[in-house]
Amino acid sequence: MINKPILTFASWVLISFLLIVGCSQTTTSNPSSTVSPAAQTTTLTVSAAASLKDAMDEIKPVYSKQKPNVSLTYNFGSSGALQQQIEQGAGVDVFISAATKQIDALAQKGLLVDGTRKDLLKNQIVLIAPQNSTVVTDFKDLASPSIKKIALGEPKSVPAGQYAQQVLTSLKILDQVKSKAVYAKDVRQALNYVESGNADAGLVYFSDAKSTPKVKIVGTASEKTHSPIIYPIAVLKSSKNVDAAKDFVQFLSGNEAKTVFEKQGFTVAGS
């Protein structure tokens, strides 16, 4: 007679304990009620002309500070090569070319997001020589027998090479110097040829020449001798993150990016 109430009380305690544990586990196993989901990271792939490398590298941490959930991946190269990669299906969100020709071609094929194309930057073509050189003081010196090798971007794919060819044609010395040309895959390689002494002179962008103390600028091409040097930018239809890509394009048009671009030797389009 005494054991029955004791057993009943023990059973009630056990059942209550199990109910409490069960409720606790249910609450813990539902993360939405206790823990907010981790913020997702968006990765943007930006294909940009090789001449933009220093500026874009400097811009990355500035943008990441504002947009910590956006990761930037850069792909640098000649504008022509980057255009071909995009046409062949490369997953690119934003493209910055060193000439309008490549962007025009992509626009004609319907590969740009409508309303996102804009002119971003401008640049200049300069004649450079190794810092200790004394044989090059002007563009017309390139025809001198003492100049053996001239570094140029490959005109078929490198805008800097196309502009350089226009300059040499305008100065009426292209035929005299054509045999001396050492063609580079992009403008940074042309710069490197002069830096290393593997070329006696070279034609590159002002922003590239400004990036190294190993070369000196001995001449600046008149704007009348070449097509306008414009860097257009656009968002690609292949982008899986169009809104984030548009935001990045807008940032590159703002004052913080402008400060970096001008420091690196570019002129902001429209300024």
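For the numbers below, each heavy atom of this structure counts, side chains included, while hydrogens, waters and symmetry mates do not. Here the structure is a predicted model, which means the values were calculated and not measured.
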For a 4.5 angstrom cut-off between non-hydrogen side-chain atoms, does L44 reach V70? yes
Can you tell me if K149 uses its side chain to pair, donor with acceptor, with the backbone of V194 under 3.5 Å? no
Indicate yes or no for a side-chain donor-acceptor contact from T259 to the backbone of N255 under 3.5 Å, with no hydrogens or angles considered. yes
Any donor-acceptor pair under 3.5 Å linking the side chain of Q162 with the backbone of P155? yes
Using a 4.5 Å cut-off on heavy atoms from C-beta on, say whether the side chain of I125 contacts that of V204. no
What's the spacing between I230 CD1 and D119 CG if we round to 0.5 Å? 5.0 Å
Side-chain heavy atoms of S211 within contact of L191, under 4.5 Å: yes
For the pair D200 and K180, evaluate side-chain contact (heavy atoms from CB on, under 4.5 Å) and give the outcome as yes or no after the intermediate values. CA-CA 10 Å; D200 303 304; K180 304 178 183 183; over 6 Å; no
Reported CG-to-OG distance for the pair D138 and S144, which is rounded to 0.5 angstrom: 11.5 Å
Kindly compute the distance separating CD1 (I173) from CZ (F139), expressed to the nearest 0.5 Å. 8.0 Å
Go through L120 and F266 one step at a time and tell me if the side-chain contact (heavy atoms from CB on, under 4.5 Å) criterion holds. CA-CA 10 Å; L120 184 65; F266 295 92; over 6 Å; no
How close do R117 and A107 get, counting heavy atoms only, and between which atoms? NH1-CB, 4.4 Å
Apply side-chain contact (heavy atoms from CB on, under 4.5 Å) to residues K67 and F248 and explain how you reach the verdict. CA-CA 9 Å; K67 302 287 183 176; F248 183 60; over 6 Å; no
Is any side-chain heavy atom of F261 closer than 4.5 Å to a side-chain heavy atom of L252? yes
Strictly distance-based, threshold 3.5 Å: is any side-chain N or O of Y205 a donor or acceptor partner for the main-chain N or O of S51? no
Option passing side-chain contact (heavy atoms from CB on, under 4.5 Å) with K246 (candidates D93, V94, V235): V235
From the list D57, D186, V46, L82, side-chain contact (heavy atoms from CB on, under 4.5 Å) with F76 holds only for D57
Give a yes or no on whether L171 and V136 share a hydrophobic cluster (residues Ile, Leu, Val, Met, Phe, Trp, Tyr; joining criterion: side-chain heavy atoms under 4.5 Å apart). yes
List the atom pairs, with distances to 0.1 Å, where a side-chain N or O of residues 213-224 and a protein N or O form a donor-acceptor pair under 3.5 Å, not counting sequence neighbours.
residue	atom	partner	partner atom	Å
K216	NZ	S133	O	2.5
S222	OG	K224	N	3.1

Is the number of heavy atoms from other residues, nucleotides or ligands within 6.0 Å of CD (Q250) greater than 12? no
Quick check on K109: does its NZ atom have over 12 non-hydrogen neighbours (other residues, nucleotides or ligands) under 6.0 Å away? no
Compute whether any side-chain donor of one residue and acceptor of the other, for Q88 and Q84, lie under 3.5 angstrom apart. no
So do K258 and L121 actually touch side chain to side chain, heavy atoms under 4.5 Å? no
Minimal non-hydrogen separation, R188 against A50, with atom names: CG-O, 3.7 Å
Can a donor-acceptor pair be found, under 3.5 Å and without considering hydrogens, that links the side chain of T212 to the backbone of D208? no
Between OG of S47 and CD1 of I86, what distance do you get to the nearest 0.5 Å? 5.0 Å
NZ/NE/NH1/NH2 to OD/OE distance under 4.0 Å, K185 and E154: no
I need the minimum non-hydrogen distance between P159 and A98, along with the two atoms involved. CB-O, 3.9 Å
Kindly determine whether N241 and S239 satisfy side-chain hydrogen bond (donor to acceptor under 3.5 Å, both in side chains), including the steps that lead there. CA-CA 5 Å; N241 303 289; S239 174; 5.1 Å; no
Transitively linked via ILVMFWY side-chain contacts under 4.5 Å: V242 with L236? no
Any luck finding a side-chain donor-acceptor pair between Q264 and S207 under 3.5 Å? no
Under 4.5 Å between any side-chain heavy atoms of I233 and K118, yes or no? yes
Least distance between heavy atoms, A105 atom then Q83 atom: CB-NE2, 3.4 Å
Would a distance-only check, ignoring hydrogens and angles, find a side-chain to backbone donor-acceptor pair under 3.5 Å from S170 to Q166? no
For L152 versus A181, what's the shortest heavy-atom pair and its separation? CD1-CB, 3.9 Å
At what distance, to the nearest 0.5 angstrom, does CZ of F95 lie from CG of L112? 9.5 Å
Counting only N and O atoms by type, is there a donor-acceptor contact under 3.5 Å from the side chain of D141 to the main-chain atoms of T137? yes
Might you work through the side-chain contact (heavy atoms from CB on, under 4.5 Å) test for Y63 and E256, ending with a clear yes or no? CA-CA 9 Å; Y63 186 70; E256 287 183 281; over 6 Å; no
Verify, without hydrogens or angle tests, whether K172 (side chain) and T169 (backbone) share a donor-acceptor contact under 3.5 angstrom. no
Can any side-chain N or O of S97 pair as donor or acceptor with the backbone N or O of T100 at less than 3.5 Å? no
ILVMFWY network linking V113 to V92, side-chain heavy atoms under 4.5 angstrom: no
Spacing of CG belonging to L72 relative to OG1 belonging to T43, to within rounding of 0.5 Å: 9.0 Å
Look at D54 together with K263 and state whether they make a salt bridge at an N to O cut-off of under 4.0 Å. no
Please answer whether the main-chain N or O of A81 pairs with a side-chain N or O of S157 as donor and acceptor at a distance below 3.5 Å. no
Among the clusters formed by ILVMFWY side chains lying less than 4.5 Å apart, do L127 and V177 turn up in the same one? yes
Here's one to test your reading of the geometry: is the NZ or CZ of K122 within 45 degrees of the ring axis of Y231 and under 6.0 Å from its centre? no
Work out which heavy atom in G265 is nearest to a heavy atom in F206; give both atom names and the distance. O-CD2, 3.2 Å
Shared hydrophobic cluster for F251 and V249 (ILVMFWY, side-chain gaps under 4.5 Å): yes
